[in-house]
Amino acid sequence: MPRSPLALAALASVAVPGLDVYDVLRSPHSDADFDVVVVKDATGTRWIVRAPRRPAAGAALEAERGLLKALGRAHDTDLVSFDVPRPKGAASLSGSDDGRAIVYSEVPGAPLVLARLEAGPGLAANLGRALAEIHELPPTLVDDEGLPTYDAEQYRQRRLAELDAGIQTGKIPPRLADRWERQLENVSWWRFEPAVVHGDLGEHQIVTNRDAVAGIKDWMDARVADPADDLAWLVASAPEDILDTVMEAYRLRRRETPDSHLLDRARLASELALLRWLMYGVRTDNADVVADGEGMLADLEAMLFDDASED
């Protein structure tokens, strides 16, 4: 059962001694795994309180807590220009297996609005540099917190396994399945250097302050894997001139050998996100999610194959 905002606010007062709660609001980011509230103190400072609803979510929360501390140190030593939410305290939940609620300071700023980005110097270029900074982080940052690490072939096999599971449901349009299988079997695409990735990037994870990325949040899915994953949302949604600006700044900031298939894999990752949504519905026996996933896959198939320009 979801915990009430007032109960989570009380936990915040326990986790952060001296925190004087003035107001509390349930966050729209509460989900099946976490209860989340925003707490304001008497000075107007905003704090985030996140409590796990199940043991596995609690373990993930603890791993993210350690990673956020390491990322905070990376910001303080100028390894990255963006900040992250800072864990400020923790409070045990009732029950021996319930884990702990974590309290974070909030990174001030506004969520990124992709539709408002302009090509050229400014926020779009700064976004490209921030993404590159993530991918230039030392992999030990993730390894030390026990988060997943994959080499290129392991990650390709992981994607193939996801596709095989989806095909077995009979819910993937055959032309889509064939397209994805060809791309996953094209090993020339999958010769990349694994990097630290955020793993769940989108507009709502990026906090801006004028022409700069001020912060990046929600690091629960961080891992060492394919850097293309962090570009999937841009490939799917950004206008071409914005994507060009982001990628130019990104490539200038990266030190690795240029990856000629980076955006190919990013486009594939954006398409496979629809498959993962469908499979979430299948695993949880949620008919509404399954129907939504099937509808999105049908729309994608129509967009890709009912266009005469498709090769």
Side-chain angles (χ1 to χ4, degrees), residues 15 27-38 46-54 56-90 99-109 111-112 126-150 155 194-209 212-234 250 266 269 273 276:
S27 168
H29 302 298
S30 295
D31 56 27
D33 289 324
F34 300 98
D35 294 311
V36 185
V37 296
V38 178
R46 291 163 60 97
W47 305 76
I48 308 299
V49 186
R50 183 182 284 172
R53 292 186 178 179
R54 58 197 70 185
L61 195 63
E62 293 292 339
E64 186 200 38
R65 179 173 183 256
L67 179 61
L68 287 173
K69 288 183 175 181
L71 289 168
R73 292 191 294 270
H75 172 265
D76 294 343
T77 56
D78 296 324
L79 194 60
V80 295
S81 59
F82 58 84
D83 206 349
V84 295
R86 305 294 184 105
K88 295 297 185 181
R100 301 191 299 175
I102 309 295
V103 181
Y104 313 81
S105 61
E106 187 175 61
V107 179
L112 175 73
N126 190 266
L127 172 61
R129 289 190 290 272
L131 295 173
E133 288 174 358
I134 295 173
H135 299 162
E136 289 292 329
L137 286 166
T140 53
L141 200 82
V142 166
D143 293 340
D144 291 348
E145 302 305 325
L147 293 165
T149 298
Y150 304 95
Y155 208 61
V196 173
V197 298
H198 176 281
D200 188 31
L201 270 180
E203 292 173 272
H204 296 295
Q205 283 71 43
I206 299 172
V207 179
T208 65
N209 184 3
V213 173
I216 299 178
K217 57 186 181 179
D218 298 339
W219 290 82
M220 198 75 64
D221 294 313
R223 54 188 177 266
V224 174
D226 186 356
D229 288 356
D230 284 346
L231 304 172
W233 64 286
L234 286 166
Y250 174 88
R276 288 195 296 278

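This structure is a prediction, so every number in the text was calculated from the model and none was measured.
- Closest of all the heavy-atom pairs between Arg86 and Gly72 is NH2-O, 3.4 Å.
- Taken to the nearest 0.5 Å, the CD atom of Glu145 stands 9.5 Å off from the CG atom of Leu68.
- In terms of heavy-atom proximity, Pro108 sits nearest to Val207 at O-CG1, 3.5 Å.
- Distance check: Asp218 CG to Asp200 CG gives 7.0 Å after rounding to the nearest 0.5 Å.
- Going from atom CZ of Phe82 over to atom CD1 of Ile134 covers 4.5 Å, rounded to the nearest 0.5 Å.
- Here CZ of Arg53 is found 10.0 Å from CZ of Phe34. Values are rounded to the nearest 0.5 Å.
- By the 30° and 60° cut-offs, the orientation of the rings of Tyr155 relative to Tyr150 is tilted.
- Note: Thr208 OG1 to Ile216 CD1 = 11.5 Å, rounded to the nearest 0.5 Å.
- Between the side chain of Glu62 and the backbone N or O of Ala59 there is no donor-acceptor pair closer than 3.5 Å.
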Legend entry - Candidate pair Leu137 and Val142, rule side-chain contact (heavy atoms from CB on, under 4.5 Å), full reasoning: CA-CA 9 Å; Leu137 286 166; Val142 166; over 6 Å; no

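- Between the CZ atom in Arg46 and the OG atom in Ser105 there is a gap of 12.5 Å [rounded to 0.5 Å].
- A donor-acceptor pair under 3.5 Å links the side-chain atoms of Asp230 to the main chain of Gly199, judged by distance alone.
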Inset, instruction - Apply side-chain contact (heavy atoms from CB on, under 4.5 Å) to the pair Leu131 and Leu201, showing each step before the final yes or no. - result: CA-CA 10 Å; Leu131 295 173; Leu201 270 180; 3.3 Å; yes

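- No side-chain donor-acceptor contact under 3.5 Å links His198 to the backbone of Asp229.
- Residues Arg50 and Tyr104 share a closest heavy-atom pair of CB-CE1, 4.0 Å.
- Between Asn126 and Val213 the shortest heavy-atom distance is OD1-N, 2.7 Å.
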Inset, instruction - Any chance you could lay out the side-chain contact (heavy atoms from CB on, under 4.5 Å) test for Trp233 and Glu203, step after step, and finish with the verdict? - result: CA-CA 9 Å; Trp233 64 286; Glu203 292 173 272; 4.0 Å; yes

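- Between Ala63 and Leu147 the shortest heavy-atom distance is CB-CD2, 3.8 Å.
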Legend entry - Chi angles and distances behind the side-chain contact (heavy atoms from CB on, under 4.5 Å) call for Ile48, Val38: CA-CA 5 Å; Ile48 308 299; Val38 178; 3.8 Å; yes

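- What you find for Lys217 and His204 is that their closest heavy atoms are CE-O, 2.9 Å.
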